[in-house]
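Naming convention: chains lettered A, B, ... in sequence-line order (proteins, then strands); numbering from 1 in each chain.
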Amino acid sequence: MDKTKQYSLFDEAPESRTCQEPEVKGPQPLKQIRYSQPLTELSFDIEATGRDPLSDTIVGIALCREKGMAYYVPIRHSPESNVPNVPDAIEVLKETLEDESIPKIGHNLKYDMLILKQEGINVKGALYDTMVASYLLNPNKPNHSLEEVGLEYLSHKKVPFTEVLGKRHSFSEVAVDEAVTYAAEDAELAMELKCILFEKLKDEGLEKLYLDIEMPLIYVLADMEQAGVKINNARLEELSGELGIELGTIESRIYAIAGETFNINSPKQLGNILFKTLGLQPGKKTKTGYSTGMNVLEELAKDHELPGEILNYRTLYKLKTTYLDALPKLINRKTNRIHTSFNQTVTATGRLSSSEPNLQNIPIRGEWGTKIREAFTAETGHCLISSDYSQIELRVLAHISNDEGLTDAFIKDIDVHSRTAAELFGISLESVTQEMRRIAKTVNFGVVYGISPYGLSEALDISPKEAGQYIDQYFEKHKGVRAYMERTIAEAKQAGYVITLLGRKRPVPEINSTNSNIRQQAERLAINSPIQGTAADLIKIAMINIHNRLKREKLKTRMVLQIHDELLCEAPENEAGIIKDMIRHEMENAISLSVPLKVDIGVGKNWSEAH
DNA sequence: GCCGTCACG
DNA sequence: ACGTACGTGACGGCA
């Protein structure tokens, strides 16, 4: 930034603005810094080396306390870089960063906080994260990197990191002049963005959501990531071996049936075998060729033995590669645990996402699902506590639609799918069969997704006409839900966005599209987003409250995973009793709806037992 | 890098 | 005639 003056702490700073005692002598100038005025807010950015926050080390810290005044403190540059390091700076900065009265500004603060934790610094005080601010302002934006956000709101083009790095391997090898220019720019950019984005958040009515939920949540997520979850590595390897053998057997069988060998994992080659060699009837097509997806293969399995074998192979192959083989590689050497990243700025609806590894899609169905979850364990002397909201999205729908029947069902604590079945088939609750309940359950899901006859017909494998009859029957009994859908679509058309109960916005730009497919898709997500998003708001509030109570009451229990409607905690055995009660209370009372919230809790030595 | 596929809520 | 259920992330194949 050319309009910005940047100083390292080794430069002489303007006396009037920075130091009461400008004399900088000796190798530890930081200790000389005394602010003439109280520090009202501070933006900072960590330069770190490595990529895993649990092993990363700080190379330097950039600070900015007002526009045009950014610093870079080199801490651990390599000797060849000719940077005078200031190892003691950590001690001095600790005081400021842990000062609760000083608000902290930054872009992706969770990352910097995790790095700082490795140095024994526990950031405290109010947070203003510009990445999260950008996300709330437009959750449809695919990338909220500082580069992108700076470009959008300040038309500022950042120097690409790779350019600063040049041929060097690590930021620790970058010379001080360049390090200052790059790092200080980040800190100042965040400071400038904060002013702009926070004003916009206020204008958009997002201030409360930002300050009361998303910012406090950063502390929760940082603690969860740092805690990680324990994995039984030996067991995963054992299971992988077993699956490898079974896959080999299935593979041979597949080749025997096909009459030749081929790459089963190649949809293209598989398509050729199925539809050319064997002459089976191709179903749907994809952009690139014949579909060999699950629906198609299940249909084909009725006529030939190969598709069934392929499905079985695919299932087991997926479990082996994605979980059994991938998870052990991500066990942290220091902690012996797996530390996922919880991403706060990814989904369009307000949910979290989890990556590297994704711990929100660990298998649960089937015998192998059970086996894999058994490998997620509690530390010795501890137990896992799984707490999940029962029917959270339908309860949210009952509240926001104010539908009489749906509300009534939850107040009376009636099995909602059975009740829907009774309505759809015009019979009493007692006469509902398993098959009727299954259909009703699918209809209820469909309602939440923004139901369509085609979607429901696919899910139930019935004709669209029949599906349409179920839908008509459903809306006949749930006029409130129908009104909610019509109202939501109308609002989306008018305002251009939909909102959750807590005011989280999702723009729906395609809602007025002249292409009916595009428009209908927009209508479905307009219906679904407030429901999914409100459920996301809710569990975030519960997480913050639970986190605060764990700290305040000095409990040793740690929250380790969030899976959209479930919280997984690891508790010392002697805390389990009180923790169960506490979590239930906080989850069920996160916010008050017109229907009760219900939480199911299980305890066990591993995730399978606890769930 | 994109596509198809499939694991989860 | 058309044709997707909503929201994610990771894997292998293939250009």
Whole-Å C1' distance, B/dC2 and C/dA5
24 Å

Any salt bridge linking A/E458 with A/K284? Criterion: basic side-chain nitrogen under 4.0 Å from a carboxylate oxygen.
yes

Are any of A/S266's side-chain N or O atoms less than 4.0 Å away from OP1 or OP2 of C/dC14?
yes

Nearest whole angstrom, please: distance from the P of B/dC8 to the CZ of A/R373.
8 Å

Is a side-chain donor or acceptor of A/Q562 paired with a backbone partner of A/H564 at a separation under 3.5 angstrom?
yes

C/dC11, OP1 or OP2 - any side-chain N/O from A/K320 closer than 4.0 Å?
no

Tell me what A/A536 touches on the nucleic acid: a base, only sugar-phosphate, or nothing, going by heavy atoms under 4.0 Å.
nothing

Under 4.0 Å, counting only non-hydrogen atoms across every strand here, what does A/E356 touch: a base, just sugar-phosphate, or nothing?
sugar-phosphate

Under 4.0 Å between a side-chain nitrogen and a carboxylate oxygen: does that hold for A/K110 and A/E225?
yes

Span that lies between the P atom of B/dC3 and that of C/dT4, in whole angstrom
15 Å

Find the partner of C/dC2: check Watson-Crick (N1-N3 plus N6-O4 or O6-N4) and G-U wobble (N1-O2, O6-N3) distances, both under 3.5 Å, and reply none if neither fits.
none

Reckon A/D388 touches a base, only the sugar-phosphate, or nothing at all at heavy-atom distances under 4.0 Å?
nothing

To the nearest Å, how far apart are A/D537 CG and B/dG9 P?
21 Å

Carboxylate-amine/guanidinium proximity below 4.0 Å for A/R524 and A/E510
no

Scan residues 297-308 of chain A against DNA chain C and write down, sorted by residue number, each residue with any heavy atom closer than 4.0 Å; if none is found, say none.
none

For nucleotides 1-8 of chain C, 5' to 3', base contacts (B), sugar-phosphate-only contacts (S) and non-contacts (-) with protein non-hydrogen atoms under 4.0 Å give --BBBBBS

Once you round it to whole Å, what is the distance between C1' of B/dC8 and CG of A/D565?
10 Å

Parallel under 30°, tilted from 30 to 60°, perpendicular over 60°: which one fits the rings of A/F445 and A/H417?
parallel

Between P on C/dC11 and CG on A/N263, what's the gap in Å once rounded to a whole number?
17 Å

Between A/T288 and B/dC3, is there a side-chain N or O to OP1/OP2 distance below 4.0 Å?
no

Interatomic distance at P, C/dG3 relative to B/dG4, whole Å:
14 Å

With the threshold set at 4.0 Å, does a side-chain nitrogen-carboxylate oxygen contact exist between A/E214 and A/R504?
yes

For the pair made of CD1 in A/I264 and C1' in B/dT5, what is the distance, rounded to whole Å?
15 Å

Tell me what A/Q269 touches on the nucleic acid: a base, only sugar-phosphate, or nothing, going by heavy atoms under 4.0 Å.
sugar-phosphate

Answer yes or no: side-chain N or O of A/K318 and base N or O of B/dC6 forming a donor-acceptor pair under 3.5 Å.
yes

Roughly how many Å is it from OH in A/Y317 to C1' in B/dC6, rounded to a whole number?
13 Å

Pairing of A/E588 and A/R584 as salt bridge, 4.0 angstrom limit:
yes

With a 4.0 Å limit, can you tell me whether A/R365 has a side-chain N or O closer than that to the phosphate oxygens OP1/OP2 of B/dC8?
yes

Figure out the CH2/P separation between A/W368 and B/dA7, and round it to whole Å.
14 Å

Does A/K371 pair with A/E374 as a salt bridge, N-O distance under 4.0 Å?
no

Check the distance between C/dC11's P and A/L270's CG and give it to me in whole angstrom.
21 Å

Whether A/K540 side chain and A/G350 backbone form a donor-acceptor pair below 3.5 Å:
yes

Is there a side-chain polar atom (N or O) of A/S291 under 4.0 Å from OP1 or OP2 of B/dT5?
yes

Short question: side chain of A/Y484, backbone of A/I527 - any donor-acceptor pair under 3.5 Å?
yes

For A/D403 and A/H478, test the side chains for any donor-to-acceptor distance below 3.5 angstrom and give the result as yes or no.
yes

For the side chain of A/N343, counting heavy atoms from C-beta on, which of B/dA7, C/dA15, C/dG9 is nearest?
C/dG9

